[in-house]
Amino acid sequence: MSSTPLPGIGVRYDLTTREERRLSVVAQRDGTRVLNAYRRDDPDECALSVKLTTREAEALIDALMPSHHSPSLLSTTDLGLVAERIELSSTSHWCGRHLGDTRMRTETGVSIVAVLRRADAIPSPGPDFRLAGGDTLIVIGTREGVDAAAALLGRE
């Protein structure tokens, strides 16, 4: 794999597979990714280009390289649940407030299983945990609940 800085855009990562197929990923500064696959007969001609949001890229990464392989861990999708990261913006209504003030579980049915703050992980934060801009909340619930949680946390 090689990388090429793209000033003002981001970084392009290039990979040639064992079957001599050329792939690239452009990691854009806004967090989106563009996945490109090139023609086998003309490796300079793009055959497929897919723009991915940050969440879509994370889902693809999980599919390609699961971070866990333990058979004792639950597969949330088999249970109709999703686990996602939701970042709290610095302009969120909830900055500086207690986690309990969000009434997250009551309002959305979603559980917050951890908060990532800078280089620290806070597992199972209690209702008196004070939220801050830049926190990433690890949530688990139904697809609808997680979407509702993201909307609730996005309130400014």
Side-chain angles (χ1 to χ4, degrees), residues 1-15 23-37 46 48-156:
M1 172 125 30
S2 66
S3 64
T4 305
L6 303 172
I9 297 170
V11 179
R12 185 183 75 223
Y13 298 93
D14 293 296
L15 169 74
L23 304 171
S24 73
V25 174
V26 177
Q28 297 181 341
R29 291 174 41 187
D30 65 0
T32 60
R33 302 290 188 260
V34 179
L35 173 64
N36 300 302
C46 189
L48 172 71
S49 184
V50 179
K51 187 171 186 172
L52 303 169
T53 65
T54 302
R55 284 188 180 175
E56 292 165 340
E58 289 170 354
L60 182 59
I61 289 166
D62 285 344
L64 292 171
M65 182 63 77
S67 58
H68 51 77
H69 298 284
S70 172
S72 64
L73 292 175
L74 293 174
S75 172
T76 56
T77 53
D78 293 343
L79 301 171
L81 300 173
V82 294
E84 286 192 10
R85 298 170 183 236
I86 301 174
E87 186 170 338
L88 193 69
S89 79
S90 60
T91 59
S92 173
H93 168 78
W94 304 108
C95 286
R97 295 180 184 242
H98 290 113
L99 182 59
D101 295 342
T102 66
R103 297 179 34 91
M104 183 65 64
R105 191 172 303 147
T106 302
E107 296 294 324
T108 68
V110 165
S111 294
I112 298 171
V113 297
V115 175
L116 306 178
R117 180 175 285 166
R118 294 180 202 88
D120 295 324
I122 299 100
S124 303
D128 60 336
F129 179 82
R130 197 169 294 278
L131 296 167
D135 282 353
T136 299
L137 286 72
I138 309 299
V139 301
I140 188 166
T142 63
R143 170 81 269 147
E144 296 79 17
V146 169
D147 290 344
L152 185 135
L153 292 168
R155 178 178 158 204
E156 294 189 3

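Rounding to the nearest 0.5 angstrom, the gap separating the CG atom in L99 from the CE atom in M104 is 7.0 Å. We find the NZ-CD distance between K51 and E56 to be 10.5 Å, quoted to the nearest 0.5 Å. Summarising the geometry, atom CG belonging to L15 is positioned 9.5 Å from atom OG belonging to S24; distances are rounded to the nearest 0.5 Å. A distance of 7.5 Å separates CG of L81 from OG1 of T142, quoted to the nearest 0.5 Å. Atom CZ of R55 and atom CD1 of I86 lie 5.5 Å apart (nearest 0.5 Å). To the nearest 0.5 angstrom, T54 atom OG1 is 7.0 Å from D30 atom CG.
Between the side chain of R12 and the backbone N or O of V26 there is no donor-acceptor pair closer than 3.5 Å. Looking only at distances, a side-chain donor or acceptor of S92 sits under 3.5 Å from a matching main-chain atom of L153.
The minimum heavy-atom distance between R105 and S111, with the atom names listed, is NE-OG, 3.5 Å. W94 and D101 get closest at one heavy-atom pair: CZ3-O, 3.5 Å. What you find for A57 and R33 is that their closest heavy atoms are CB-CG, 3.7 Å. S49 and C46 make their closest contact through CB-SG, 4.1 Å (heavy atoms, listed as atom of the first residue, atom of the second, distance). In terms of heavy-atom proximity, C95 sits nearest to S89 at SG-O, 3.2 Å. For the pair T108 and A149, the tightest heavy-atom approach, listed with the atom from each and the gap, is CG2-N, 3.7 Å.
With a 4.5 Å cut-off on side-chain heavy atoms, F129 and R117 count as touching. With contacts defined as side-chain heavy-atom distances shorter than 4.5 Å, the pair L131/R97 does not qualify.
When L116, V139, L137 are each tested for a side-chain contact (heavy atoms from CB on, under 4.5 Å) with R85, only one passes: L116.
Remark: E107 engages R103 in a salt bridge (Lys or Arg N to Asp or Glu O under 4.0 Å) (not counting sequence neighbours).
A salt bridge links R143 with E84: at least one charged nitrogen is closer than 4.0 Å to a carboxylate oxygen.
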Tell me, with the steps shown, if L35 and L60 meet side-chain contact (heavy atoms from CB on, under 4.5 Å).
CA-CA 11 Å; L35 173 64; L60 182 59; 4.2 Å; yes
